[in-house]
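Worksheet: the structure to be examined is printed underneath.
Side chains included, hydrogens not; waters and symmetry mates left out as well; all remaining heavy atoms used. All chains are named by letter (A, B, ...) in the order of the sequence lines, taking the proteins before the strands, and each is independently numbered beginning at 1. Note that this is a predicted model, so its numbers are computed, not measured.
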Protein chains: 2
Amino acid sequence: MQDKITQVFKAIADPTRREIFHALVIASSALSITQIASQFDMSRQGVTKHIKTLEGAGLVSLDTQGRERFCNANAKPLKEINKWMTFYEQFWDDSLENLGSYLDDKTS
Amino acid sequence: MQDKITQVFKAIADPTRREIFHALVIASSALSITQIASQFDMSRQGVTKHIKTLEGAGLVSLDTQGRERFCNANAKPLKEINKWMTFYEQFWDDSLENLGSYLDDKTS
DNA sequence: TAATTTAGCAACCACAAAGTTGCATATTAA
DNA sequence: TTAATATGCAACTTTGTGGTTGCTAAATTA
């Protein structure tokens, strides 16, 4: 479908998914779909859909045990976003820095 | 509508908007809507919509001069995303670190 | 074996989003 | 003043998204 970083961006762009992801990260052990759904005001299938999106982005891994599927958070894909942002860090303290460095280059 | 960080996340979650944003960041001066549109295989109105989304997220500021509207990139809102991610940095080198630190707490 | 629990799949709904075209309007240039 | 340029606004289409309900199937418990 779309490229990897876009999948990660879209996955965390939804507030509900950020909440689910956060719940999984701070959980002391893997949570089943039903366990997650019980923490949110949403149907189990709604949670399943979000989990699928998170899984597609690599932010959640599934582990089937019997009839249950346990979800684990995996923060690694966030590294890609961090990497994407490093380029823009140089600009975020001064919105005119791009022009500034451009002029610097011309005068040096 | 939605909270600020969600707006920023959604704004940069779209590949086309990331491209537009990047073009504005590296531009040596502000670009008009038409100038931006000429760089993309998209109608001017399509670009206008994206610019509005970026503006809503604070990633672009507009400066009207005569009949033209010049766009400037502003990377500052990305700081919020960076801040959001700092919490998860501790987990992204080992997906089991959450469990690990949990166990550490219990045994110390 | 029968009942319960966990979950997937499919269909559906409402709305948002990405993009288009057409038209009106204001500014600038000829 | 007429023509050209830059833009906004509105309407529309298509596709994606967040969420639901209903049903089926597999695994567990009684």
Indicate whether OP1 or OP2 belonging to D/dT20 is found under 4.0 Å from a side-chain N or O atom of A/S43. yes
Please tell me which of A/D41 and B/S32 maps to the more 5' nucleotide of DNA chain D, matching each residue to the nucleotide holding its nearest heavy atom. B/S32
Once you round it to whole Å, what is the distance between [atom2] of [N] and [atom1] of [X]?
X	N	atom1	atom2	value
A/E68	D/dA27	CD	P	13 Å
B/K10	D/dT17	NZ	P	10 Å
A/Q2	D/dT15	CD	P	15 Å
B/I36	D/dT5	CD1	P	19 Å
A/I12	D/dG18	CD1	P	13 Å
B/Q45	C/dG22	CD	C1'	9 Å
A/R18	D/dG18	CZ	C1'	15 Å
A/F9	D/dT17	CZ	P	16 Å

Under a single-linkage definition using a 4.5 Å side-chain heavy-atom cutoff for Ile, Leu, Val, Met, Phe, Trp and Tyr, are A/I5 and B/I5 assigned to the same hydrophobic cluster?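 In one cluster: yes.
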Could you work out which one of [options] sits closest to the side chain of [X]?
X	options	answer
A/T16	D/dA6, D/dG19, C/dG8	D/dG19
A/M42	D/dG19, D/dG8, C/dA7	D/dG19
B/R44	C/dG8, D/dT20, D/dG8	D/dG8

What is the minimum heavy-atom distance between B/K79 and A/D93, and which atoms define it? NZ-OD1, 2.9 Å
For B/A57 and B/K4, work out which heavy atoms get closest and say how close.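 Minimum heavy-atom contact is O-CE, 3.4 Å.
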Name every residue in residues 46-54 of chain A that has at least one heavy atom under 4.0 Å from any atom of DNA chain D, in order of residue number, or write none if there are no such residues. A/G46, A/K49, A/H50
Do the side-chain N and O atoms of A/R18 and B/T6 include a donor-acceptor pair separated by under 3.5 angstrom?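 Yes, B/T6 and A/R18 have a side-chain donor paired with an acceptor closer than 3.5 Å.
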Would you call the rings of B/W84 and B/F9 parallel, tilted or perpendicular, taking 30° and 60° as the class edges? perpendicular
Once you measure the plane-to-plane angle for B/F87 and A/H22, does it fall in the parallel (<30°), tilted (30-60°) or perpendicular (>60°) bin?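 Tilted, since the angle between the ring planes falls between 30° and 60°.
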Identify all pairs in which a protein N or O lies below 3.5 Å from an N or O of nucleotides 28-30 of chain D, and state each distance.
none

For B/D3, look at atom CG and say whether over 12 heavy atoms of other residues, nucleotides or ligands are found less than 6.0 Å away. yes
All salt bridge (charged side-chain N to carboxylate O under 4.0 Å, His left out) counterparts of B/K52, not counting sequence neighbours: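 Checked B/K52 against salt bridge (charged side-chain N to carboxylate O under 4.0 Å, His left out); zero matches.
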Whether B/R17 side chain and B/A11 backbone form a donor-acceptor pair below 3.5 Å: yes
